[in-house]
Amino acid sequence: MGHAVGDVLGLAAGVAVSPLPIVAIILVLATPQGRRNGTLFALGWVVGLAALGAIMLAVGGTGGASAHKHPATWVGALKLALGALLVLFGARQWRRRPKDASQAQLPKWMAAIDRFTPVKILGLGLLLSAGNLKNAPLTIAAGASISSAGLPVPQQIGTLAIFVVIASLGVLAPLAVFVVMGERARSMLGSWRDWAARHNVAVLAVLFFVLGLKLLGDGISVLAG
């Protein structure tokens, strides 16, 4: 199990560093029912990651690893495909980054967050985790890694839980700060929001590229093994 956890730590960290969802939950916390809405957003985020990872574990089943504990060929092919996809997205994001970070613009839907219903906020957290172009491939890759480790089901579930917790730290940190500090947290969270908004595209581009190269390397290693 320790080896499996080690395999997914980097992927979990890549999910945790998600500027756009961090900006989103900070805006959610600034709504009149900030604590309730922030909790709903975080719940949607956790459920999205857990559900996507669980689906991957179910797909992998007991066929994720060979008799010699070596990942099956499909695991290598999947990581290779996901790695190539992330590298391409990284290159695209880098080309589209604003030359002046101060000119970076957030999606227009963020301006309407204060009018979102609780159900929409829950759905937003779900979408930004399981439906994110960076987070979804990384979560799928983590599920494949866990499946390929040849672990019994309880240890697979435990490893997935560790992945989800670490991958949620970026979103849970603003919520924790707000719960502990209350109104005093607004200026601090505002600074986090502004930094993440300015550097969102550049940060994503670098993460796409670096994590894509990691998955490419993992995939090649499995296929060549």
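In this structure, the side-chain contact (heavy atoms from CB on, under 4.5 Å) partners of Leu80, at least two apart in sequence or on a different chain, are Leu216, Ile220, Leu223. For Ser191, the side-chain hydrogen bond (donor to acceptor under 3.5 Å, both in side chains) criterion is met by no residue, not counting sequence neighbours. By the side-chain contact (heavy atoms from CB on, under 4.5 Å) test, Val165 pairs with no residue at all, sequence neighbours left out. Shown here are the side-chain contact (heavy atoms from CB on, under 4.5 Å) partners of Leu88, two or more places apart in sequence or in another chain: there are none. Partners of Ile55 according to the side-chain contact (heavy atoms from CB on, under 4.5 Å) rule, which considers only residues two or more places apart in sequence or in another chain, are Val59.
Cluster partners of Val210, by chain and number: Trp94, Val206. The rule joins Ile, Leu, Val, Met, Phe, Trp and Tyr whenever side-chain heavy atoms lie under 4.5 Å apart.
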Show which side-chain atoms of residues 174-182 pair as donor or acceptor with protein atoms under 3.5 Å away, not counting sequence neighbours.
none

Review item, side-chain donor-acceptor pairs of residues 16-27, under 3.5 Å, at least two apart:
residue : atom : partner : partner atom : Å
Ser18   : OG   : Val15   : O            : 2.4
Ser18   : OG   : Lys134  : NZ           : 2.9
Ser18   : OG   : Asn135  : OD1          : 3.3

N/O donor-acceptor pairs under 3.5 Å from side chains in residues 121-128, not counting sequence neighbours:
none

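Counting only residues at least two apart or on different chains, the salt bridge (charged side-chain N to carboxylate O under 4.0 Å, His left out) pairs with a member in residues 202-219 are Lys214-Asp218. Applying the side-chain hydrogen bond (donor to acceptor under 3.5 Å, both in side chains) definition to pairs two or more places apart or across chains, none involves residues 171-180. Residue pairs satisfying the ring-ring contact (aromatic ring centres under 6.0 Å, His included) criterion with at least one member in residues 21-42, sequence neighbours excluded, are absent.
Side-chain atoms of Ser145 and Lys79 include a donor-acceptor pair closer than 3.5 Å.
To the nearest 0.5 Å, atom CG of residue Leu215 and atom CG of residue Leu11 are 5.5 Å apart.
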